[in-house]
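Here is the structure we will look at.
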Amino acid sequence: MSETLQPFALTRPAYVRNAHLVVRDLSLVSNFYQKIIGLQVIERTASGEVLGVGGVPLLTLTTSNDATPAPRNSAGLFHTAFLVPDRTALAHWLRNAAESGIRLDGASDHLVSEALYLSDPEGNGIEIYRDRTPQEWDYAEDGTVAMATERLNLQELYDSAPKETWSGMADGTSVGHIHLQVGDIPQADAFYRDVLGLKVMARYPGASFFATGGYHHHIAANIWNSRGARSREGKMTGLSDYAIQFNDKATLDKALLALDQQGIATTKTAEGHKLLDPWGIGLTLAA
């Protein structure tokens, strides 16, 4: 993906690169992400598949015989949010989903974006959205951004879709953000803001939205289903881990220093610096 085609979300000091889900029925779930979400298989391994768009990996699916379904109130994934390049791509995806008989969980205008919500066959949340331009966002003096949850006119969006056959997610689609279920919001603030260095861009009751570089949010955390949740167990289905890519190595080095000062262990691998968040969700930091 060329620099000129990168969305605002990915040009910031840090952004979410990809996510990894553990599933019970790999074939069923992978089929859904290919036919309904519009991802393509990039790589197959003994235990799973890597899917993405235009050769860019966005989602890894792995399976295990002893994986147990994560309870709805456990820490983990609220949704993986796929950011499409523009409103036309969002409308085209919606038309295909409607013609495929897919039932949406919701549809919202968030002022900064327009978003469609659904779940995969194992209950993992998904958001498909397009951003308005940052020039259209309403920033406060402290740098936070106005967000809301207003009704999205689905019929108008559907009617605006191109009539040609949909052939999958448009090139340039990315993981715009990831939304997590956590056990405690002050603890989430302490980790994502105070340790990793992300800014709180907005708050809802029971949720914080974090980002770098003035984006509306790269990571969100809520307790709507998971208040008081403890650390995830190793064999749970759902979100295993995700990666944050740093465009600015100095920002990564600052985060690594803060992790060390807090006594949070990291392991250096070929993919980056691996660690666990306060709820046992895996995280890779790379530059």
### Summary
Between Gly172 and Pro7 the two heavy atoms that sit nearest each other are O-CD, 4.5 Å
### Task
Determine yes or no for a side-chain-to-main-chain donor-acceptor pair under 3.5 angstrom, with Glu136 supplying the side chain and Thr133 the backbone.
yes
### Message
Between Leu239 and Leu180, does the side-chain contact (heavy atoms from CB on, under 4.5 Å) criterion hold? Intermediate values first, please.
### Response
CA-CA 9 Å; Leu239 182 65; Leu180 306 174; 3.5 Å; yes
### Task
Take Ser30 and Gln34, measure what side chain to side chain donor-acceptor pair (under 3.5 Å) needs, and give me the verdict at the end.
CA-CA 6 Å; Ser30 177; Gln34 291 175 65; 2.8 Å; yes
### Task
Determine whether Val23 and Ile178 fall in the same hydrophobic cluster, where Ile, Leu, Val, Met, Phe, Trp and Tyr are linked whenever their side-chain heavy atoms lie under 4.5 Å apart.
yes
### Task
Go through Lys199 and Asp142 one step at a time and tell me if the salt bridge (charged side-chain N to carboxylate O under 4.0 Å, His left out) criterion holds.
CA-CA 11 Å; Lys199 177 179 173 59; Asp142 63 359; 5.5 Å; no
### Task
Kindly compute the distance separating NE2 (His79) from CD (Gln181), expressed to the nearest 0.5 Å.
10.5 Å
### Query
Hey, what do you get for CG (Asn124) to CG (Leu59), rounding to the nearest 0.5 Å?
9.0 Å
### Query
Between Ser226 and Asn73, is any side-chain donor less than 3.5 angstrom from a side-chain acceptor?
no
### Query
Transitively linked via ILVMFWY side-chain contacts under 4.5 Å: Val182 with Leu21?
yes
### Query
If we only count heavy atoms from C-beta on, is the Phe8 to Pro134 side-chain gap below 4.5 Å?
yes
### Query
What is the minimum heavy-atom distance between Val29 and Asp120, and which atoms define it?
CG1-OD2, 4.0 Å
### Query
Would you call Arg232 and Asp277 a salt bridge, taking side-chain N to carboxylate O under 4.0 Å as the test?
no
### Side chain to side chain, Leu259 and Phe191, heavy atoms closer than 4.5 Å
yes
### Message
I'd like to know if Phe246 and Val195 are part of one continuous hydrophobic network [Ile/Leu/Val/Met/Phe/Trp/Tyr, side-chain heavy atoms within less than 4.5 Å].
### Response
yes
### Query
Salt bridge or not for Arg132 and Asp109, using N-O below 4.0 Å?
yes
### Query
Side chains of Thr267 and His273: donor-acceptor distance under 3.5 Å anywhere?
no
### Query
When you measure from the side chain of Thr63 to the backbone N and O of Arg24, does any donor-acceptor pair fall under 3.5 Å?
yes
### Task
Answer yes when Glu156 and Arg87 have at least one side-chain N-carboxylate O distance shorter than 4.0 Å, and no when they do not.
yes
### Message
I'd like to know whether Glu127 forms a side-chain contact (heavy atoms from CB on, under 4.5 Å) with Thr80, so could you lay out the CA-CA distance, the side-chain angles of the two residues, the decisive distance to 0.1 Å, and finally the verdict.
### Response
CA-CA 6 Å; Glu127 176 180 343; Thr80 307; over 6 Å; no
### Leu154-Leu118 co-clustered via ILVMFWY side chain contacts under 4.5 Å
yes
### Met201 CE to Met147 CE distance, which is reported to the nearest 0.5 Å
9.0 Å
### Query
Is atom CG of Asn65 surrounded by more than 12 heavy atoms (other residues, nucleotides or ligands) closer than 6.0 Å?
no
### Task
Determine, stepwise, if the pair Phe82 / Ile37 fulfils side-chain contact (heavy atoms from CB on, under 4.5 Å).
CA-CA 9 Å; Phe82 296 99; Ile37 303 305; 4.2 Å; yes
### Query
Are any non-hydrogen side-chain atoms of Leu283 and Asp241 less than 4.5 angstrom apart?
no
### Query
Is any side-chain heavy atom of His20 closer than 4.5 Å to a side-chain heavy atom of Asn18?
no
### Task
May I ask you to check whether over 12 heavy atoms, not counting those of Glu150, lie within 6.0 Å of atom CD?
yes
### Task
Please tell me if the side chains of Glu43 and Pro57 come closer than 4.5 Å, counting only heavy atoms from C-beta onward.
no
### Message
Please check this pair: side chain of Asp105 against backbone of Ser119, looking for a donor-acceptor N/O pair closer than 3.5 Å.
### Response
yes
### Query
Hey, is the main chain of Val112 close enough, under 3.5 Å, to the side chain of Trp137 for a donor-acceptor pair?
yes
### Task
Evaluate whether atom NZ of Lys268 has more than 12 neighbouring non-hydrogen atoms of other residues, nucleotides or ligands under 6.0 angstrom away.
yes
### Query
Above 12 or not: heavy atoms from other molecules or residues under 6.0 Å from CZ of Arg230?
no
### Query
Would you say the side-chain atoms of Asn247 pair up with the backbone N or O of Leu10, donor to acceptor, closer than 3.5 Å?
yes
### Message
My understanding is that only one of Ile281, Thr284, Val175 makes a side chain to side chain contact (heavy atoms under 4.5 Å, CB included) with Tyr242; could you say which?
### Response
Ile281
### Query
If you take all heavy atoms of Ala107 and Leu116, which pair is closest and at what distance?
CB-CD2, 3.9 Å
### Query
Taking atom types as modelled and ignoring hydrogens, do the side chains of Arg12 and Thr212 form a donor-acceptor contact shorter than 3.5 angstrom?
no
### Query
Between Tyr15 and Arg17, is there a cation-pi geometry (under 6.0 Å to ring centre, at most 45° from the normal)?
no
### Query
Is the Phe209-His216 ring centre distance short of 6.0 angstrom?
no
### Message
To the nearest 0.5 Å, what is the distance between OG on Ser64 and CG on Leu26?
### Response
11.5 Å
### Message
If hydrophobic clusters are built by linking Ile, Leu, Val, Met, Phe, Trp and Tyr wherever their side-chain heavy atoms come under 4.5 Å apart, do Leu196 and Leu276 end up in the same one?
### Response
no
#### Entry: Any Ser240 side-chain heavy atom under 4.5 Å of Thr62 side chain
no
### Task
Using modelled atom types only, decide if a donor and an acceptor are shared between the side chain of Glu114 and the backbone of Ser108 within a distance under 3.5 Å.
no
### Task
Check Ile185 against Gly206 and note the closest heavy-atom contact, atom names and distance.
CD1-O, 3.5 Å
### Task
Verify whether the ring centers belonging to Trp93 and Tyr158 lie closer than 6.0 Å.
no
### Query
Is there a donor-acceptor contact under 3.5 Å linking the side chains of His177 and His218?
no
### Query
Is there a donor-acceptor contact under 3.5 Å from the side chain of Gln261 to the main chain of Leu256?
no
### Query
Short question: side chain of His92, backbone of Glu164 - any donor-acceptor pair under 3.5 Å?
yes
### Query
Taking all non-hydrogen atoms of both residues, which atom of Ile244 and which atom of Ala14 are closest, and how far apart?
CG2-CB, 3.9 Å
### Query
For His110, does its backbone N or O pair with a side-chain atom of Ser113 as donor and acceptor, under 3.5 Å?
no
### Query
Is the centre of the Phe78 ring less than 6.0 Å from the centre of the Trp224 ring?
yes
### Message
Quick one, Phe32 with Ile102, criterion side-chain contact (heavy atoms from CB on, under 4.5 Å). Give me CA distance, side-chain angles, the key distance, then yes/no.
### Response
CA-CA 11 Å; Phe32 181 87; Ile102 295 302; 4.3 Å; yes
#### Entry: Min side-chain heavy-atom separation Leu198-Ile219 under 4.5 Å
yes
### Side-chain touch Leu58/Val53, heavy atoms, less than 4.5 angstrom
yes
### Message
Between Ser74 and Ala70 (side chain of the first, backbone of the second, donor and acceptor by atom type, cut-off under 3.5 Å), is there such a pair?
### Response
no
#### Entry: Sidechain N-carboxylate O distance under 4.0 Å for Arg130, Asp86
no
### Approximate separation, where rounding is to 0.5 Å, of Lys249 NZ and Thr251 OG1
10.5 Å
### Query
Between the side chains of Asn222 and Tyr204, does any donor sit under 3.5 Å from an acceptor?
no
#### Entry: Minimum-distance pair of heavy atoms, taken over all atoms of Gln187 and Pro278
NE2-CB, 3.6 Å
